[in-house]
Amino acid sequence: MTLLDRQARPLRDLRISITDRCNFRCTYCMPREHFGSDHVFLPRSDLLTYEEIVTVVESLLPAGLEKVRLTGGEPLLRSDVTVLVRLLKATGPHLDLALTTNGALLSKHAKELADAGLNRVTVSLDALNPTTFAAMADTTKTTPSDVLDGIDTAMKAGLGVKVNTVVRRGVNESEILPLAEACAQRGVPLRFVEFMDVGNTNAWEMAEVVSGAEVRTLIEQRFGPLTPHQGQGLHEVARRFTTADGQEFGFINSVTQPFCGDCSRARLSANGSLYTCLFSSSGNDLKAMLRMQATTDDIRAAIKRVWTDRNDRYSMERQEHQGSTQKVEMSFIGG
Ligand code: SAM
Ligand code: SF4
Ligand code: SF4
């Protein structure tokens, strides 16, 4: 039984935030003015337990769930995350299990994550220049070479690795080609993400969005023509291309070329609410049900009610929403 929303989009992909905390303060995601020392993060008792997360995943497997991505906040701040990976892997061998990380702690955990059954990691890296990196991530504790070490260790451990770069005009355009070279040397796919108006705190302006088309021009000047990747999946967020040498570049053009029409993603916040869009203003609480011993059938029925009523198309209607909507923060529901 596949769950279809009001636009006939199936629920195939669940992104699970396992913490709202992070060791970075990226200016486009958790700006320090809003996420400073007085910010109140979720207390431990509000976080879903790993068993509760597994119950949600198990409830969705018969409904067509194919992919789970662990995210946050920074998921590797939960130092026992491999326990969750192992539990999720045990729910079904065909579940595609991925994790998105800022890479600071990846070299420490990559091997145990791979051994526990994780298939893939996406590593966020916005600059190789240490000064630009420190300004964007607003951290002095991690350097770009720490993140590159994480990438190399993950590759050695057998994980599938991709790199994501958010490009912000006037901030890190000069990093596009150095990052492309570093990924090409390693044979790691690199995806450029347009700066998005997620949440309410990142002072987003259209003028700061560097379009995927602009980045593609730069890449083609350096690497030659890009050809569309064979086997591009319908529900993939990135438009994937390859160079003549086989290096993959992707473009996540959520602002200039929205892809809501194929969006099959639901998000589970760290405190157990289900969100049907990255730009939602409110979620649907599952934690209360989970804590009243709901069965997987009960949870599936609750999610079915929410999903079948889903009509989200925020990115396609962005202009109409500007300034009018309170949106949940990305670090809370998971990117
Ligand atoms: N902390 C992890 C990380 O940075 O990879 C996982 C969570 S983070 C919210 C997930 C992804 O969202 C990252 O790749 C990050 O670059 C991206 N992101 C956060 N804010 C964004 C924004 N305003 N526009 C585009 N991407 C954003
Ligand atoms: Fe943290 Fe990731 Fe957000 Fe940066 S993008 S502040 S690393 S959650
Ligand atoms: Fe999906 Fe919402 Fe993003 Fe559109 S705006 S692609 S519906 S998460």
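Worth knowing before you read on, the calculation uses all heavy atoms, side chains too, and leaves out hydrogens, waters and symmetry mates. Note that ligands are numbered from 1 as they come in the structure, with each ligand's atoms numbered from 1 the same way. Note that the numbering runs from 1 along the sequence shown for the chain.
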Between the side chains of [Y] and [X], is the shortest nitrogen-to-carboxylate-oxygen separation below 4.0 Å, so that they form an ion pair?
X    : Y    : result
E214 : R169 : yes
D309 : R305 : no
R291 : E52  : yes

Open item on the list: Let me check your reading of the structure: within less than 2.8 Å of atom 2 (Fe) of ligand 3, is there an N/O/S atom from C277?
Closed with: yes
Task: Subset of ligand 3 atoms that lie under 4.0 Å from at least one heavy atom of F279 - done: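 Matching atoms, with element in brackets: 5 (S).
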Open item on the list: Can you report which non-hydrogen protein atom sits closest to atom 17 (C) of ligand 1, along with the distance?
Closed with: M330 CE, 3.9 Å
Task: N/O donor-acceptor pair under 3.5 Å between T308 side chain and K304 backbone - done: yes
Which is closest to [atom] in terms of heavy atoms, [options]?
atom                    : options               : answer
atom 25 (C) of ligand 1 : E74, E194, E329       : E194
atom 6 (S) of ligand 3  : R265, Q7, M316        : R265
atom 7 (C) of ligand 1  : A137, G73, A104, S124 : G73

Open item on the list: Is the contact between T122 and ligand 1 made by the side chain, the backbone, both, or neither, using heavy atoms and a 4.0 Å cut-off?
Closed with: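 Neither part.
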- [ ] Have a look at ligand 1 and work out which part of T100, if any, has a heavy atom under 4.0 Å from it: side chain, backbone, both or neither.
- [x] both
Task: Numbering as shown, the atoms of ligand 1 that approach T101 to under 4.0 Å (heavy-atom distance) - done: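 Here the atoms of ligand 1 in question are 2 (C), 3 (C), 5 (O).
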Open item on the list: Taking N, O or S atoms only and a limit of 2.8 Å, check whether C263 reaches atom 4 (Fe) of ligand 3.
Closed with: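 Coordinating: no.
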TODO: State which residue, out of W204, Y28, Y314, fulfils the side chain to side chain donor-acceptor pair (under 3.5 Å) condition with D197.
DONE: Y314
Open item on the list: Does the residue S331 have a heavy-atom contact with ligand 1, meaning some pair of atoms that are separated by less than 4.0 Å?
Closed with: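 No, that is not the case, since the closest heavy atom of the residue is not under 4.0 Å from the ligand.
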Open item on the list: Only heavy atoms of M30, strictly under 4.0 Å: list the atoms of ligand 2 that pass.
Closed with: 6 (S)
